[in-house]
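The structure appears right after this line, and notes come after that.
Side chains included, hydrogens not; waters and symmetry mates left out as well; all remaining heavy atoms used.
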Amino acid sequence: MKTTVKTEKGQEVVKVSPLPKRAKRTYLAMDKDKEVIGYVIPVFRAHDVVRGLMEAQEEEVSEEGINYVAMRNLFVREASEATKVKVVKKTRTTRIRESADRVDLSKTMDEWVEFRKKMNIDSLTHPPEFIVKPRGQSVWEGKTLTLHCTVAGWPKPKIAYKNNVLIDAKAHPEKYTAESNYNMHSLEIKCDFIDTAEYRISALNVKGEASSVATVVVKGFSHEHGVTFETTILDKFEVAFGTEGETLSLGCTVIVYPTVKNYQPEVVWYRDVPLKDSKWVHTHWSGERATLTLVHLNKEDEGIYTMRINTKSGFDTYSAYVFVRATAEVEGLPVAPLDVCCHDANKDYVVVTWKQPAVEGSSSILGYYIDRCEVGTHHWAQCNDVPVNYARFPVTGLVEGRSYVFRVRALNKAGVSRPSRVSEAVVAMDPSDRARLQGPSAPWTGMIKFTEEDPTGIVPGEPTDVVVTEATKSYVVLAWKPPVQRGHEGVMYYIEKCISGTDTWQRVNTGMPVKSPRFALFDLAEGKSYSFRVRCCNSTGVSEASETTREITVGDILLPSAPGNPVATRNTDTSVVVSWGSSKNVKHLVGYYIECSEVGTDMWMPCNNKPVKQTFVCHGLNTGTNYVFRVKAVNAAGYSHSSPDSEAVVVQAAVVPGKPTGVTLLEAVKDYMVLGWTAPAKNGGADIRGYFVDYRTVKGDVVGKWHEMNHQAAENLKENILYQFQVRAMNMAGVSKASLPSAALECKEWTITVPVPVGLHALEVRETSVVILWEPPVFNGRTPVNGYYMDMKEASAGEEGWKAVHEKVNEVKYMKVTGLKAGTSYVFRVRAQNLAGVGKHSAVLGPVLAQTRPTKEMYVDVDDDGVISLVFECSEMSQGSEFIWSKNYQAIAENSGVTIVTEGSSRAIFTNPSLEDLGTFSCVVTNTDGMSSSFSLTEKLNRLLDISHDKKFPVPFNNEMAIELLEKGRVRFWTQVEKCTSGCQVEYVFNDAILNKGEKYSMNFDQSTGIIEMFMDSLEVTDEGTFTFDLVDGKAKGTTSLVLIGDFRELQKKSEFEREEWVRKQPHFVDYLDFTVTAECNVLLRCKIGNVKPETEIIWSKDNIEIAEDDEDAKKIEREHGELTFNIGKWVIKQEKEKESTKSEGKMRPTEDVPSPPRPKISKSDMGIYDVFLKDERGRDRSTFSLRDEYQAVMNELFRVINSSSEIQVLSTEHGIVLYSTVTHYHEDLRVGWLHDAKIAASERVKAGVTGEQLWLQINEPTEKDKGKYTMDIFDGKDGVKRVFDLTGQWEEAFEEFQRLAAAIAERRARVVGGLPDVVAIQEGKSLNLTGNVWGEPVPEVSWIKNDKELVCDERYQLKFEHGKFASIAIAAVTTADSGKYALLVKNKYGTEAGEFTVSVYNPDEEENKEEKG
């Protein structure tokens, strides 16, 4: 290596230094998360680089690559010898010799290239191959097995083991040991029973992948020795209470039978998840007793603890709740927060979350402080200066690679709480690095990236996917993805913000860029909206900005709503079960806190110090004390308002239920019987959990002892033996007294064909009626039951007193019996029916006393908000009583649209009443003596819906409808609404008939003032009745009416008198202004006038603008015999006549020659309000017609006249055949369609259109396929007309005419008839003269084109057209630029044609040079 330096004397000295030894570099391809994904091979630039790389590779060569290296070295020596060059003076003889040897040298080089290809490393590599595959094995549990395999491949393959998941032997050295030596691989497994699986061994290198499978079967202990273990748990731990800071132990004695030497069951403790020994939790198993010790209790330790004993034969569990009482250092302070956790850790950033405490202290919590401590030190640093309200906080400023723990303190007006329990340690590092360190090592993917080193560095690209992950009142958190282009060094980030409505971007972290792709911004203005973007930076520079985030408004996250009403139910002498309704529309719910208070005090105590999410059992209460409960929800934003207080409940154990009744036989077989009974009337304040059945034998008058039976079906009985049965009910409080013994029942197989109903019971007992319900038979007979019959009698009557309640079969399982005598007792029985007939009667129900209890009947209510509900009140409720609702005496489904609300009384609220809600609704109160009631919701529902709608959406009227007489004897009905929307609609009704605007009635509704009016010109005898205005404003409705009966005659006389007086005194309109359409499609406005004089002024106006005599519209006004006419389309009448005369002169002109249609006789521009005024010294009158409102009616009448079109006619032209029809007048709103077997689609060959009043279909170049029927449909949106034409009958004549006209036109078409060659070859510098002969009548237009561009006559191109037949082009001295494609283009009105030819200009000298070179 040469370097030039200067000495002290200024002389330059050249020094030769040895080549520096290059450091070994690691060419690793990195992904965007700094993970190695392959190798990078730099581009080879010179032989010295090759030689240096080879030397570095020789140092790392392995045994299997020796042959490859030897051949490579041989190749380098030969390459070196081949590149030696001897410099000599080349003479002509030498050059000839070298030319002769060049072929030999080329051959040598080809051989060298082939040899080099053979020596390429890609030729030596090959994919993995299993030489020895692993084999499946069976092993005893607890033993060790080893899977062996031998794998060949180059490069050396990486090996991975899987059994459903990837096995990481390094992460679990106690379980697995993996070895690899000389292509032989082994995996040693310490086997448990769960290790039975298929193990897959995968080998991977750059050339491919291979895998093999081996099955491992682990045999368990119990299966081999045939031992079945039974476990019994004794000395169980009860519900425990502890205080923060104390140590608490839980334990149980466990007996495992039979006893097996050295066998030890697995004991697992749970609190939501399995617990492991740690600083806070210690477990111990002494061989008989399992113990769990909780060191330094904290609120996090509260919850249900479960001990599970696992044996080879199964498992047994026991659970109990542990409460941890929280304490504050000073009275009034809040207790410490709980469950501090770390999330989303990165290089310098972590999110800390926690849960709010149950006790806020003497005042509400104002916020929280977060502290951090570096692992290994004892220095705690506060992370936030201002308390945060949100239970989630991003901590920044961490040092990469260090571990931290966190704690949280709560603050209220009294001070700061104790710190929470510290979190688990978290490392500040990139998530990808953490995953790589914690996760199993995957085999090398074999991906290689080829790149060229860039010593100057790379400016990173912009970050992507910038989003706002959190936005609260205190802070905003941004997250993004690192750029793909970032070079080999790390990148950091700058964050910029912009206030909404401005274009100014402000850098947030100017002093210190962040390393993590996360950032938290504080001190943002509440209520303002911001946008954010991110830039990358490294030592080379700063990137472009990322895409901008959407605008984010800084504000608080909503607190949860208050929970629903809590319900407290007795449980034990010291506990109560509390349930509540969930909070509505709450986000990120953490749970609920329950508080209790003794009745009469205002001191609330927490029942739980850790949030719960479901029904909760509150323990530790005082027996016999009255308590009320309330619940509050909590999420990350804070606490909700407390729920309403529950009803007071006395803490005492639930009462045992009453005894069951009516034990009957349902089915009998040879050795078992099926029993049925009625549930107890009182459940003791708790749900019935089950029943116990006892039985005894009966032999004559001797009965045996009672024996317990655990099945509803009495099994293993003896045939033809009599048995008696009794039943006891059980709830959480205990077992009830036994029912009365059943009758003696014989155990023998029934041959009954019709089964017996069971479970009869009575509801809604009144003085004259009762409702009887029953259950269907448990088993069908020969066929299914299809109905029931009921019998009844007075209780004092004999068997002959039974009588049928009804004649027709009853298909439902209930019946209301009426016609009872007050104070009389009755008994009832039911029989089932199937296809075989009517069966035996059921057990007798009763006696039932016909007596009305002092209770209110169920009633229907529609509140002020229009909500329909059924209400039932009960004054005899006891502790634990509940309202049970049903529809048609069946349980109401959850999605039935009925909501039950109980607050003193019980309501069944209809969410969306409809016909599906028709039926009988009933309600029963439990733990009472049959308090119940029902309500039949039938035809009354429609009336209830109307009442509900009126209450939900009332339309307020300022006054009811009124009537007044106007001049001319006109009558005005009017009212005014207080307010309405622009969509409000009014319906005018007379005696249930809807009135429409017309000659007799005129209506007006001014929505701006709310005044509704209806006018009648006069009152007739038929107008006596009720007039009504019905309003509909969205969902709102309103009605107002006026009854004209009785005083109608007097009002009618006054109206007639006023009319006669007005007619006698002044000019007036006999017929008011209206419209008519004539047969010529003229739209006329007409009216009749009376009692006018010559001096009476008649004034027309449109839209309140008077039509003067010199206006164009004045010519449209005519007066004849007291009739005034305004012809809207009069100005086009002259044009119409001209067209008619043109048509009468001959055939229709071709469609191309027909002028565009004139302006329509009426259009939307004519819309407006037309007025006619009559006035003189006697008085005045006015008539108005609104063409704006009546425009559609006018158009409908106009279309009715237009649709009288002529029949379809046929016309032949030189282009094809035209079918056309003529209408009286064509309007743009008419829709015309043509059909030929199907709808005709528009194309170049078939076209449809309108010219003037002609509707036509043009068929160009017709063929035989165009024969057939054609249909023309004219439709105006309401009515239409159809015309049909069969072209087949006139096809021959029309087609011959078309061919004649086409031939005549073809002879006249412009064309090039000769004179032009196909190719012209001309020498450069010569003159070119060409003449073409053209023909056409009329004489065609001529133009010349070169390479698709038109030529212009100038000094270079001489273009001439002589005698209308000869077109010539002349170029004086052609050049090579004149070569190209030329065309003579001729055109007249009958056609166009082009004569094309090619001009090629050549140079003779250039041609000779080419021949010499060849």
Considering all heavy atoms, the nearest Val785-Ala832 contact: CG1-CB, 4.1 Å

Nearest heavy atoms of Val590 and Asn635, plus distance in Å: CG2-CA, 3.7 Å

Nearest non-hydrogen partners of Gly801 and Lys793, listed with the distance: O-CB, 3.2 Å

Least distance between heavy atoms, Ala633 atom then Leu589 atom: CB-CD1, 4.1 Å

Exercise: do Gln833 and Asn786 side chains pair donor with acceptor under 3.5 Å: yes

Value rounded to 0.5 Å, distance of OH in Tyr789 from CE in Met815: 10.5 Å

Side chain to side chain contact (heavy atoms under 4.5 Å, CB included) between Gln726 and Val663, worked out: CA-CA 7 Å; Gln726 65 180 17; Val663 181; over 6 Å; no

Matching residue for Val727 among Ser739, Ser742, Pro741 - test: side-chain contact (heavy atoms from CB on, under 4.5 Å): Ser739

Heavy-atom side-chain proximity of Trp802 to Val827 below 4.5 angstrom: yes

Ser922 side chain near Leu763 side chain, heavy-atom distance below 4.5 Å: no

Pair Thr306-Ser319, side-chain hydrogen bond (donor to acceptor under 3.5 Å, both in side chains): steps then yes or no: CA-CA 4 Å; Thr306 301; Ser319 301; 2.6 Å; yes

Residue pair Val576 / Phe629, side-chain heavy-atom distance below 4.5 Å: yes

Heavy-atom donor-acceptor pair, Ser561 side chain to Lys584 backbone, under 3.5 Å: yes

Crowding at NE2, His641 (>12 non-hydrogen neighbours, <6.0 Å): no

pair Lys737-Pro680: side-chain heavy atoms closer than 4.5 Å: no

Whether Tyr321 and Phe616 hold their rings parallel, tilted or perpendicular, with breakpoints at 30° and 60°: perpendicular

Atom pair CZ/OG1 of Phe935 and Thr920 - distance to nearest 0.5 Å: 10.0 Å

Within 6.0 Å of CD in Glu647, more than 12 heavy atoms from elsewhere: no

Test item: Thr678 side-chain N/O and Gly662 main-chain N/O as donor-acceptor pair under 3.5 Å: no

Nearest-0.5 Å distance, CD of residue Glu857 to OG1 of residue Thr852: 7.5 Å

Cut-off 3.5 Å, no hydrogens considered: what does the side-chain donor-acceptor table look like for residues 606-613, sequence neighbours left out?
{"from": "Asn608", "atom 1": "OD1", "to": "Ile594", "atom 2": "N", "distance (Å)": "2.8"}
{"from": "Asn608", "atom 1": "ND2", "to": "Tyr592", "atom 2": "O", "distance (Å)": "3.2"}
{"from": "Asn608", "atom 1": "ND2", "to": "Lys610", "atom 2": "O", "distance (Å)": "2.8"}
{"from": "Asn609", "atom 1": "ND2", "to": "Val324", "atom 2": "O", "distance (Å)": "2.8"}
{"from": "Lys610", "atom 1": "NZ", "to": "Glu300", "atom 2": "O", "distance (Å)": "3.1"}

Within 6.0 Å of NZ in Lys659, more than 12 heavy atoms from elsewhere: no

Atom pair OG1/CG of Thr661 and Leu740 - distance to nearest 0.5 Å: 8.5 Å

Ser643 side chain to Val631 backbone, donor-acceptor under 3.5 Å: yes

Student check: side-chain heavy atoms of Met790 and Asn810 closer than 4.5 Å: no

Closest approach of Gln356 to Ala637 (non-hydrogen atoms, all atoms of both residues): NE2-C, 4.2 Å

Separation between OG of Ser597 and CE of Met603, rounded to the nearest 0.5 Å: 8.5 Å

Residue pairs passing the salt bridge (Lys or Arg N to Asp or Glu O under 4.0 Å) test where at least one lies in residues 815-832, sequence neighbours excluded: Asp791-Arg829, Asp791-Arg831, Glu794-Lys821

Lys813 to Trp774, cation-pi by 6.0 Å centre distance and 45° axis angle: no

Tyr691 side, atom OH; Arg728 side, atom CZ - distance, nearest 0.5 Å: 13.5 Å

Whether Phe725 and Tyr695 hold their rings parallel, tilted or perpendicular, with breakpoints at 30° and 60°: tilted

Heavy-atom check, side chain of Cys874 versus side chain of Phe883, under 4.5 Å: yes

Reference residue Phe921; test ring pair (Phe, Tyr, Trp, His ring centres under 6.0 Å); the match among Phe910, Phe872, Tyr889, Trp885: Phe910

Val599 and Val628, any side-chain heavy atoms less than 4.5 Å apart: yes

Pairwise side-chain contact, Val770 with Phe828, heavy-atom cut-off 4.5 Å (strictly under): yes

